[in-house]
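The basis for the numbers below is simple: all heavy atoms, side chains too, and nothing from hydrogens, waters or symmetry mates. A quick note: this is a predicted structure, and the numbers were derived from the prediction, not measured.
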Amino acid sequence: MFERPIEPGVISLNNAAAERKFNYITEFAAEFTNVPIAIVSVVQSDDNNQLATCASNLPELRQSHRDMLLSHAFCKQVRETGSPCSVADARTDQRFCNEPDVGQLGIVAYLGVPIHGFNGESIGALCVMDTAPRAWAEFEIEKLKKLASFVDDQIRLLGALHLSEQQKVILARLATTDSLTGAYNRRALFERMDQERARQKRYPHPISLIVFDIDHFKVTNDTHGHAGGDVVLVETTQRIVARIRENLDFLARVGGEEFAVLLPDTDAEAAIAAAERFRVAIASEPFAIGASSKEAITASFGIATVRSADFSSEVLIGQADEALYAAKRSGRNRVELYDLSLSA
C-alpha cells in the first residue's frame with residue numbers, strides 16, 4: 001500500500017483495515033460499471049507521483065509494483081481540475097494516446113472522479129478502466145461520485161484516529177474550505193443547505209441559490225497557465241465576498257471554475273439583483289494576470305428559488321445549473337432565473 005501518507009504528517013493509510021475497505025469500494029465500482037479494472041489512487045502533490053492505494057483486477061505487472069505510475073495523466077487530470085474525467089477511447093485522445101498504460105496494458109476507456117483530503121482539496125481519483133472503447137453514461141458518473149464520497153469519509157475516519165485535539169479542530173475547519181480561494185467547498189455548501197432547510201421548517205422564508213462559472217476559463221488557463229487561472233479564481237472570490245451579506249450569504253467553490261452563493265431570506269427578485277451585482281463586479285474591471293497582463297473576464301449566472309422546506313439540495317442545485325446553462329446558451333455574461341420551461 002502506501003509508503004508515504006497522503007498528507008505528510010497527518011494521515012497514514014498503510015494498514016490492512018484500510019486496504020479491505022478500499023477493496024470493497026473498487027470491487028463494487030468494477031461490478032456496476034462492468035469493467036476489468038477499478039482503482040483508488042492518490043497523486044502526490046509534491047512530485048506528481050501516483051500511488052495506487054487499492055485496485056481490483058490490476059494486471060500483475062502493476063499489482064506487484066503499486067508505487068509505479070498508473071494511468072498517471074488520467075488521474076493527474078482529475079486531481080488538478082477537481083472534476084470528473086471521462087475518456088471514451090484514449091488511443092485517439094491527444095491528451096492520453098502516448099501514455100504507457102494505453103500501449104502496454106491496453107487501457108482504452110477511463111472514467112475517474114475526484115477523492116478529497118481533509119481540506120476538501122482533490123488529491124486523486126476513484127477510477128474505472130476498460131480495455132475497449134465505451135461511452136460512459138451519466139448515471140455511471142453519478143454513482144462513481146457517490147462511491148468517492150465513501151472514500152473521502154474513510155480517509156477522514158482513518159486520519160482522525162491519529163490526530164491530536166488541536167489537529168482535529170484545525171482539520172475540521174480545513175475540511176469545509178477551498179484551499180486556493182478561501183471560499184467554502186461543496187461539502188460545506190450541502191451542510192449549510194441542510195441547516196437552512198431545517199430553519200425553514202420552523203420559520204418559513206424564501207431561499208435562493210445562485211450558481212455561476214467563469215466564461216471561457218479553459219482559454220484563460222491555456223493562455224496564462226494554471227497559475228494565471230488561479231489568479232482569476234482568487235480574484236473572483238474576493239470580488240464576490242465584497243458584495244455578499246456578511247454572516248448570512250454563503251459563498252462556495254463547487255468545481256473547477258464553478259461557484260455557488262446560497263442566499264437565505266431572499267426571493268427571486270432580490271436574488272436576480274444580487275446576481276447582477278456579482279456579474280458586474282466580475283465584468284466591470286479587467287483582471288491583472290501577471291506583472292503586465294490584464295484580461296477581461298466574465299461569468300454566467302443561474303438562479304433557483306424555493307419557499308418550501310421540502311426542497312432537495314440536489315434538485316435546487318440542478319435547477320440553478322439549468323438556469324446557468326440557459327445563460328450560457330443565450331450568450332454568456334448574463335443572469336437567468338430557473339423556470340419550468342428551461343427543463344421542458
Can you check whether Ile317 reaches Val254 side chain to side chain, under 4.5 Å on heavy atoms?
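Contact flag for Ile317/Val254 side chains = no.
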Residue pair [X] / [Y], side-chain donor-acceptor N/O under 3.5 Å:
X: Asp152; Y: Ser149; value: no
X: Thr176; Y: Glu191; value: no
X: Arg187; Y: His116; value: no

Practice task
Without swapping roles, check the side chain of His224 against the backbone of Asp222 for a donor-acceptor pair under 3.5 Å.
Solution key: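 No, His224 side chain to Asp222 backbone: no donor-acceptor pair under 3.5 Å.
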Ring pair (Phe, Tyr, Trp, His ring centres under 6.0 Å) partner of Tyr184, the single match among Phe250, Phe190, Phe259: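 When Phe250, Phe190, Phe259 are each tested with Tyr184, the ring pair (Phe, Tyr, Trp, His ring centres under 6.0 Å) holds only for Phe250.
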Parallel, tilted or perpendicular: which one describes the rings of Phe278 and Phe212, with boundaries at 30° and 60°?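 Ring orientation, 0 to 90° scale: tilted.
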Decide whether a cation-pi geometry holds between Lys143 and Phe32; the criteria are a distance under 6.0 Å from NZ or CZ to the six-membered ring centre and an angle within 45° of the ring axis.
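Pair Lys143/Phe32 counts as cation-pi.
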| said: Distance check, rounded to the nearest 0.5 Å: Asp230 atom CG versus Leu180 atom CG? | reply: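 Reported to 0.5 Å precision, the distance equals 4.5 Å.
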Checklist entry - Rounded to the nearest 0.5 Å, how far apart are CZ of Arg279 and CG of Asp215? => result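 Interatomic distance, Arg279 CZ to Asp215 CG, rounded to 0.5 Å: 10.5 Å.
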Between [Y] and [X], is there a salt bridge with N-O shorter than 4.0 Å?
X: Lys146; Y: Glu142; result: no
X: Arg134; Y: Asp89; result: no
X: Arg253; Y: Asp213; result: no

Exercise. What is the minimum heavy-atom distance between Pro264 and Glu196, and which atoms define it?
Worked result: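 Scanning both residues completely, I find the closest heavy atoms to be CB-OE1, 3.5 Å.
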